[in-house]
Amino acid sequence: MIASRLPFEVIRQPSTMRAWAENLRRDGLRICVVPTMGYLHPGHLSLLRAGRARADVLIATIFVNPTQFGPNEDLAVYPRDEEGDIEKARECGVDLIFCPDVEAMYPQGYQSYVTVEELSRPLCGSARPGHFRGVATIVTKLFHITQPHIAIFGRKDYQQFAMIRQMSRDLDFGIEIVGMPIVREADGLAMSSRNAYLSAPERSAALCLYRGLKAAQARFHSGERDSLALLDAARQPIEDTELARIDYVDLRDATTLELVTSVSRPAVLAMAVFVGKTRLIDNAVLGID
Ligand code: AMP
């Protein structure tokens, strides 16, 4: 257990959280926030540990944000374990947990949203209309409530990270946005709260995402730079897997997320794949290792 200086608190009211944050800032303390939707796994915990090392006060937020789910998505069944999450967060050295109710974040009559234009259009933006508007809105609200100097996100949600970094710059949030590497299971599956949905055969099938990324990386390392060839290599293991169905597999500039036809600068190979009814995402950046 990492020693932390504040008493551990679980806060549910936005006004209480904000008052805490304002006092901590007044005391000259550096605040880090790690936003999550809970059901914490080692991927989340890696962000918390990184935050613990970078700030005086570590805040974890747990909120399953309804505005980032589409009407036919998994909001109602999204896995939750608040008690377990609080214990895990405390063990990682979190000082304050902010876990508001939906009504506290979106009271009756709520009508304000944040949109990041270009970065939220492709990939998950076109596959999940409205998703990134919901993400940008809730992250903005969480930033205003927790008043962080630094915020930590996982690169597993690569487009989300890129969009939040852009938003923070564009809107002068003055918050350092840090992206951490993807944490994987021993066999390569990217850790995700949604992995809990997978049956045993689906869990095996889900490895096709990692196999696809590895196949494309191998082609890239052997000198292939053509997007179509790299995408073919990524798609093959997925298409060969009976329980898997591609939502998208795409290769885009790692900064702008514009399409690339050939990799001459770092590019992100990003994919979303349905395994049974569960939609999984994964990615790898080509050209920076
Ligand atoms: P979520 O609870 O899924 O909204 O995720 C909260 C944060 O944890 C986001 O910044 C995610 O990118 C990050 N995260 C989720 N899974 C992983 C993982 N396997 N490795 C690294 N970061 C992750």
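Predicted, not measured: the structure shown is a model, and the values here were computed from it.
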- Atom CZ of F8 and atom CD1 of I86: how far apart are they, to the nearest 0.5 Å? 6.0 Å
- Query: Say you draw a straight line from SG of C32 to CG of D56; how long is it, rounded to the nearest 0.5 Å?
  - Reply: 10.5 Å
- Message: Rounded at 0.5 Å granularity, tell me how far CZ in R49 sits from CG in L58.
- Response: 11.5 Å
- Message: Quick check: closest heavy atoms across S193 and Y78, and the distance to 0.1 Å?
- Response: CB-OH, 3.4 Å
- Query: If only atom types and distance count, is the side chain of Y158 paired as donor or acceptor with the main-chain N or O of D282 below 3.5 Å?
  - Reply: no
- So do the side chains of F173 and V139 get within less than 4.5 Å of each other, counting heavy atoms only? no
- Show your reasoning for whether salt bridge (Lys or Arg N to Asp or Glu O under 4.0 Å) applies to D187 and R211. CA-CA 10 Å; D187 60 6; R211 277 197 225 107; over 6 Å; no
- Note on the structure: Correct closest heavy-atom pair for M191 and R184 would be CE-O, 3.7 Å
- Is the closest side-chain heavy-atom distance between V64 and R80 below 4.5 Å? yes
- Query: Is any NZ, NE, NH1 or NH2 atom of the basic residue among E258 and R252 found under 4.0 Å from an Asp or Glu carboxylate oxygen of the other?
  - Reply: no
- Query: Got a donor-acceptor contact below 3.5 angstrom from the H131 side chain to the G125 backbone?
  - Reply: no
- Message: So N195 and R203, do their side chains get closer than 4.5 Å, heavy atoms only?
- Response: no
- Begin with the C-alpha distance, continue with both residues' side-chain angles, and end with the deciding distance and a verdict on side-chain contact (heavy atoms from CB on, under 4.5 Å) for I152 and R54. CA-CA 10 Å; I152 306 200; R54 287 169 160 85; 4.1 Å; yes
- Query: L231 and V263: same hydrophobic cluster, using ILVMFWY side-chain contacts below 4.5 Å?
  - Reply: yes
- Closest non-hydrogen contact found for A234 with P237 is O-CD, 3.4 Å
- Message: By the definition side chain to side chain contact (heavy atoms under 4.5 Å, CB included), identify the one residue from L213, N283, D250 that meets it with L269.
- Response: L213
- Full working for side-chain contact (heavy atoms from CB on, under 4.5 Å) between T36 and D85: CA-CA 10 Å; T36 81; D85 288 346; over 6 Å; no
- Indicate yes or no: does E118 engage R121 in a salt bridge with an N to O separation below 4.0 Å. yes
- Query: Parallel, tilted or perpendicular: which describes the rings of Y106 and F63, with under 30° parallel and over 60° perpendicular?
  - Reply: tilted
- Task: Say whether F274 and L123 are linked into one hydrophobic cluster, either directly or through other cluster members, by side-chain heavy-atom distances under 4.5 angstrom.
- Result: no
- Item | R279 CZ to C124 SG distance, which is reported to the nearest 0.5 Å | 4.0 Å
- Item | Test log, rule side-chain contact (heavy atoms from CB on, under 4.5 Å), inputs L6 and L24 | CA-CA 10 Å; L6 287 171; L24 293 164; 3.9 Å; yes
- Query: What distance separates Y197 OH from L280 CG, expressed to the nearest 0.5 Å?
  - Reply: 10.5 Å
- Minimum heavy-atom distance between V275 and A205, given as atom pair plus value: CG1-CB, 4.0 Å
- Test side chain to side chain contact (heavy atoms under 4.5 Å, CB included), reference V33, set I145, I59, L142, output is I59
- Message: I want to check something: taking the side chain as every heavy atom from C-beta on, are T61 and V34 in contact at a cut-off of under 4.5 Å?
- Response: no
- Query: Are R225 and F220 in a cation-pi setup, meaning NZ or CZ lies under 6.0 angstrom from the ring centre and within 45 degrees of the ring axis?
  - Reply: yes
- Query: Is a donor on one side and an acceptor on the other found under 3.5 Å between the side chain of D81 and the backbone of G84?
  - Reply: yes
- Query: Atom OG1 in T115, atom CE in M163: separation rounded to 0.5 Å?
  - Reply: 9.5 Å
- Query: Would D74 and T278 count as a side-chain contact (heavy atoms from CB on, under 4.5 Å) if you check the C-alpha gap in whole Å, the side-chain angles of each, and the deciding distance to 0.1 Å?
  - Reply: CA-CA 9 Å; D74 56 342; T278 304; over 6 Å; no
- Item | Taking every non-hydrogen atom, the tightest pair across L209 and I281 | CD2-C, 4.1 Å
- Query: Can you check whether R165's main-chain N or O pairs, donor with acceptor, with S168's side chain at less than 3.5 Å?
  - Reply: no
- Message: Check D253 with R265, please: is the shortest side-chain N to carboxylate O separation under 4.0 Å?
- Response: yes
- Query: Out of curiosity, does I177 fall in the hydrophobic cluster containing L171 (side-chain heavy atoms, cut-off under 4.5 Å, transitive links)?
  - Reply: yes
- Message: Closer than 4.0 angstrom, basic N to acidic O: yes or no for R30 and E176?
- Response: yes
- Test item: M167 and T140 side chains (from C-beta on) under 4.5 Å apart, heavy atoms: yes
- Are V116 and F132 side-chain neighbours, meaning at least one heavy-atom pair lies under 4.5 Å? no
- Main-chain N/O of T261 paired to S227 side chain as donor or acceptor, under 3.5 Å: yes
- Item | Pairing of D95 and R90 as salt bridge, 4.0 angstrom limit | no
- Query: Within the side chain of Q159, is there an N or O that forms a donor-acceptor pair under 3.5 Å with the backbone of L119?
  - Reply: yes
- Side-chain (R25) to main-chain (Q147) donor-acceptor, under 3.5 angstrom: yes
- Do any N or O atoms from the side chain of E224 and from the backbone of H221 form a donor-acceptor pair under 3.5 angstrom? no
- May I ask you to test the Y110-M105 pair for a side-chain heavy-atom distance under 4.5 Å? no
- Side chain of R18, backbone of H144: donor and acceptor closer than 3.5 Å? yes
- In terms of hydrophobic clustering (I, L, V, M, F, W, Y; side-chain heavy atoms under 4.5 Å; direct or indirect links), are Y39 and L48 co-clustered? no
- Query: Cluster question for you: counting only ILVMFWY and a side-chain heavy-atom cut-off of under 4.5 Å, with indirect links fine, are V183 and L189 together?
  - Reply: no
- Determine whether L47 and F153 make a side-chain contact, defined as any pair of heavy atoms from C-beta on separated by less than 4.5 Å. no
- Item | Over all atoms of both residues, closest heavy-atom pair of P7 and L96 | O-CD2, 4.4 Å
- Item | Sidechain-backbone polar pair: K88 side chain, L40 backbone, donor-acceptor under 3.5 Å | yes
